[in-house]
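So the structure is just underneath, and the comments pick up after that.
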Amino acid sequence: MTTEPAIVIEGLRKSYEEFEAVKGVDLTVERGQVFAILGPNGAGKTTTVEILEGYRTRTSGKVSVLGVDPESPSRAWRERIGIVLQESEQVSLLTVRETLAMYAGYYSHPRDVEETIGMVGLSEKADARASRLSGGQKRRLDVGLALVGDPDLIFLDEPTTGFDPEARREAWDVIASMRDLGKTIVLTTHYMEEAQRLADQIVVFAGGEIVARGTPNEIGGREELPSRIEFTLPTRIAATDLPPEFRAAVGADGRVDLETPDPTRSVHELTAWALDVGVRLDDLTVARPTLEDIYLKLTRLENGGE
Ligand code: ATP
């Protein structure tokens, strides 16, 4: 097994005539990682991913995908890459099994068709026509089509858009099982929960540049940001009765909302006080900033606070 990264990009730029959509991007995707690319519409994600897939040319910069420049792809290289596009329509008359078998025929070392059907959870639909599948089932078939060639690197473009919550969780299980097989996965998504759940590394694109990178828990300085303690001021308790640091955190609506760098101590003070005076804080919550909070902060900053 090589330890060479799956993807290396240095100084990547892409212009569409006058407009520069990607403005000097550097990134490395290690093998066996789930790598999530986040960013608002028009940030340059698809442009970058399609350059990696060999479907778009670049203006300048260096790109290596599985050790190959995607602008000069070989058939052997193509076979090592699986792609799940945002939208796809299957040949309507074929069943799930027939569709997968047809795709398997394009590869020299395909994965077993039945095993692939099982992996993406379509065993009960193996004999159903692909055109009759539900939206979520079609996406599973798309993932199966990307997997049947047994690729090393898989690109998933918004893999769960339009899924109901249950289908989304099932898709996450499929993606996690691909990672367990040692595959490298590049995922674009607008769902922060998806990135939080699946990604080993995240980059956030905005305006053609990477504005943040890191693990889901550390990106954007997330670890250092204050936590938030919230509860409703109990009846018969005045703001001035609360422990000192909470007194100025009471809103006009009677909600207490405190940002604290030291939630362990603040919660301790609050609950010790509450037990002492005999009040219950039934709706007490303590929360770290979510990935979505961080993402919105990063991308708003980039837009000049619009
Ligand atoms: P989304 O989340 O909406 O998919 P994205 O981050 O994938 O967005 P891109 O599709 O890479 O964004 O587009 C980046 C910018 O480049 C956009 O402003 C887009 O209008 C522009 N662009 C993309 N493709 C072309 C093209 N073929 N010709 C001209 N401009 C393009």
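Both counts, for ligands and for their atoms, begin at 1 and track the order of listing. Heavy-atom basis, side chains included; hydrogens, waters and symmetry copies ignored.
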Quick check, are the ring centers of Tyr106 and Tyr103 under 6.0 angstrom apart? yes
May I ask whether Arg56 places a heavy atom under 4.0 Å from ligand 1? yes
Would Gly208 count as a contact of ligand 1 if the rule is a heavy atom under 4.0 Å away? no
Heavy atoms only: which of Ala43, Gly44, Ser15, Ala21 lies closest to atom 16 (O) of ligand 1? Ala21
Identify which of Thr46, Ile37, Asp157, Ile51 has a heavy atom lying nearest to atom 7 (O) of ligand 1. Thr46
Does His190 have a heavy atom less than 4.0 Å from any atom of ligand 1? yes
Apply side-chain hydrogen bond (donor to acceptor under 3.5 Å, both in side chains) to Thr47 and Tyr16, showing your working. CA-CA 10 Å; Thr47 300; Tyr16 298 106; 2.9 Å; yes
In ligand 1, the atoms that come under 4.0 Å of a heavy atom of Thr47 are 9 (P), 11 (O), 13 (O)
Would you call Glu230 and Arg255 a salt bridge, taking side-chain N to carboxylate O under 4.0 Å as the test? yes
Heavy-atom pair of closest approach, residues Leu198 and Val34: O-CB, 3.4 Å
What atoms of ligand 1 come closer than 4.0 angstrom to any heavy atom of Phe19? 15 (C), 16 (O), 18 (O), 21 (C)
Ligand 1 and Gly42, any nitrogen or oxygen pair closer than 3.5 angstrom? yes
Criterion side-chain contact (heavy atoms from CB on, under 4.5 Å) against Thr48, the qualifying member of Ile210, Val22, Val203: Val22
Ion pair check, Glu259 and Arg228, cut-off under 4.0 Å: yes
